[in-house]
Trainee: 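Have a look at this one before I ask anything.
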Amino acid sequence: MRLENKVVIITGGGKGLGKAISIAFAEKRAIVVIAEIDTNSANKVAKRISSFNQNCLVMKTNAINKEEVCSMVAMVKDEFNSIDILVNNAGVYLSSPVIDTSEQDWQTIMDVNLKGFFLCSQAVAKEMIKQGSGKIISISSMAGKTGPWGEGAYAASKSAVIALTKTLSKEFAPYRINVNAICPGLIDTKMLKDGWRKISEDKGVSLQEIEGEFLSKIPLGRLGTPKDIANLVLFLASEEASYITGESINITGGFPTP
């Protein structure tokens, strides 16, 4: 996969899946832009990337603020003269039964997980349309297809990302812009473990029982890793995936989804 000197913007690229994705692109000699509200974590990733002499730019960006997003995109375009890849990764996870979900929590999830993807895709696509090419990859979730217990708001936001991906793939296809979503299953991250802890509290059962219940449903018998997700992102960003668009690709270790 040839990604050398490709300019990639990764939202939320300073931690979790975003960190793994940022480093994976840098290892392929891409020019990495970490658009992250938490600049402390982003700078740590940038320092690691710079240790193997690769270009990395950190831009403090709140993905749900249109002015900040548009400013970030304009600055990247001015600096590098192109934007080849956008990875919509910034997201939040909150779990609770729908009946107990507050309006504020619902709005927070929808803003970060959906509005942020919309604003970033819109701003970047305007530049990609001018150059006549591009790749937009959004991190959705298996939850967007399965609707797990206690994840109503989160699942709804991720399902909406899948629908938006399908629409954008049709609208942007004439400009040679591929738009796809990735639907991770159970990935070994702090977000997952925090979610399991909350579910165990809500259900009144032990954390070990929750972990065992989920792991028993994975045919490959293990959690996914951030690197597993990064590898799929790299593929979708490459020319080898030039005939793939409008897809929401499961990466779940065989966990059953519709």
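All residue numbers refer to positions in the sequence shown, counting from 1. None of these values were measured; they are calculated from a predicted model. Just so it is clear, the values below take in all heavy atoms, side chains as well, and ignore hydrogens, waters and symmetry mates.
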Trainee: Quick one: OG on Ser22 to CD on Gln54, what's the gap to the nearest 0.5 Å?
Mentor: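 Between atom OG of Ser22 and atom CD of Gln54 there are 12.5 Å.
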Trainee: Would you give the length of the straight line joining atom CG of Leu168 to atom OG of Ser121, rounded to the nearest 0.5 angstrom?
Mentor: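 Leu168 atom CG to Ser121 atom OG measures 5.5 Å (nearest 0.5 Å).
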Trainee: Does any donor atom in the side chain of Asn250 or Thr257 lie under 3.5 Å from an acceptor atom in the other side chain?
Mentor: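 Side-chain D/A pair, Asn250 to Thr257: present.
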Trainee: With distance as the sole criterion, is a donor-acceptor pair present between the side chains of Tyr175 and Gln131 under 3.5 Å?
Mentor: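 Judged by distance alone, the side chains do not pair up.
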Trainee: Once the angle between the rings of Trp196 and Phe214 is folded into 0 to 90°, is it parallel (under 30°), tilted (30 to 60°) or perpendicular (over 60°)?
Mentor: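 Parallel: the ring planes of Trp196 and Phe214 meet at under 30°.
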Trainee: Give me the one residue out of Thr108, Asp111, Asn113 that meets side chain to side chain donor-acceptor pair (under 3.5 Å) with Ser157.
Mentor: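 The residue from Thr108, Asp111, Asn113 that satisfies side chain to side chain donor-acceptor pair (under 3.5 Å) with Ser157 turns out to be Asn113.
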Trainee: Would you say Thr61 and Thr11 make side-chain contact, with heavy atoms under 4.5 Å?
Mentor: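 No; the side chains remain at least 4.5 Å from each other.
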Trainee: In this structure, would Val8 and Ile23 fall into the same cluster of hydrophobic residues linked by side-chain contacts under 4.5 Å?
Mentor: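 Cluster IDs for Val8 and Ile23 match.
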Trainee: Does atom NZ of Lys77 have more than 12 heavy-atom neighbours from other groups under 6.0 Å away?
Mentor: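 More than 12 within 6.0 Å, yes.
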Trainee: If you measure only the distance, is there a donor-acceptor pair under 3.5 Å linking the side chains of Ser102 and Gln104?
Mentor: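 No, no side-chain donor-acceptor pair sits under 3.5 Å.
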Trainee: Check whether more than 12 heavy atoms from other residues, nucleotides or ligands sit under 6.0 Å from atom NZ of Lys145, and answer yes or no.
Mentor: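 Yes - once you tally the heavy atoms of other residues, nucleotides and ligands closer than 6.0 Å, there are more than 12.
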Trainee: Whether the side chain of Asn178 engages the backbone of Thr245 through a donor-acceptor N/O pair (distance < 3.5 Å, no angle test) should be reported.
Mentor: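 Such a contact is absent between Asn178 side chain and Thr245 backbone.
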Trainee: Are Asp38 and Ser41 close enough that a side-chain donor and a side-chain acceptor fall under 3.5 Å?
Mentor: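 Their side chains do contain a donor-acceptor pair, which is all the 3.5 Å distance test asks for.
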Trainee: Among side-chain atoms of Ser206 and Glu209, is any donor-acceptor pair under 3.5 angstrom?
Mentor: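 A pair is found: one side chain offers a donor N or O, the other an acceptor, under 3.5 Å apart.
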Trainee: If you count every heavy atom of other residues, nucleotides or ligands that lies below 6.0 Å from Lys19 atom NZ, does the total exceed 12?
Mentor: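 At most 12 heavy atoms, drawn from other residues, nucleotides or ligands, come within 6.0 Å of this atom.
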Trainee: Got a second to check how far Leu223's CG is from Phe255's CZ, nearest 0.5 Å?
Mentor: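 Reported value, rounded in 0.5 Å steps: 11.0 Å.
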Trainee: Count the heavy atoms belonging to other residues, nucleotides or ligands that lie under 6.0 Å from NZ of Lys28, then report whether that count exceeds 12.
Mentor: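 12 or below, so no.
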Trainee: Working to the nearest 0.5 angstrom, can you tell me the gap between Ile182 CD1 and Leu232 CG?
Mentor: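 Ile182 CD1 to Leu232 CG: 4.0 Å, rounded to 0.5 Å.
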Trainee: Could you tell me whether the side chains of Thr225 and Asp228 share a donor-acceptor contact shorter than 3.5 Å?
Mentor: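 Yes - a donor-acceptor pair under 3.5 Å links their side chains.
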Trainee: Might you confirm whether atom NZ of Lys60 has over 12 heavy atoms from other residues, nucleotides or ligands at distances under 6.0 Å?
Mentor: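 Counting neighbours around NZ of Lys60, 12 or fewer heavy atoms of other residues, nucleotides or ligands fall under 6.0 Å, so no.
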Trainee: If Ile, Leu, Val, Met, Phe, Trp and Tyr residues are connected whenever their side-chain heavy atoms lie under 4.5 Å apart, and connections chain through other members, are Val76 and Ile136 in the same group?
Mentor: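 Yes; Ile136 is reachable from Val76 via cluster members.
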Trainee: Can you find a side-chain donor-acceptor pair between Thr101 and Ser96 that sits under 3.5 Å?
Mentor: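 Present: a donor and an acceptor within the cut-off.
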Trainee: Side chain of Asp84, backbone of Lys6: donor and acceptor closer than 3.5 Å?
Mentor: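 Checked: no pair found.
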Trainee: Between atom CG of Leu17 and atom NZ of Lys227, what is the distance when rounded to the nearest 0.5 Å?
Mentor: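 Reported value, rounded in 0.5 Å steps: 13.0 Å.
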Trainee: Does one hydrophobic cluster hold both Ile31 and Phe25, with members joined at side-chain heavy-atom distances below 4.5 Å?
Mentor: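 No, it is not one cluster - the side chains of Ile31 and Phe25 are not joined through contacts under 4.5 Å.
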Trainee: Can a donor-acceptor pair be found, under 3.5 Å and without considering hydrogens, that links the side chain of Glu36 to the backbone of Gly14?
Mentor: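 Looks like yes, one N/O pair under 3.5 Å.
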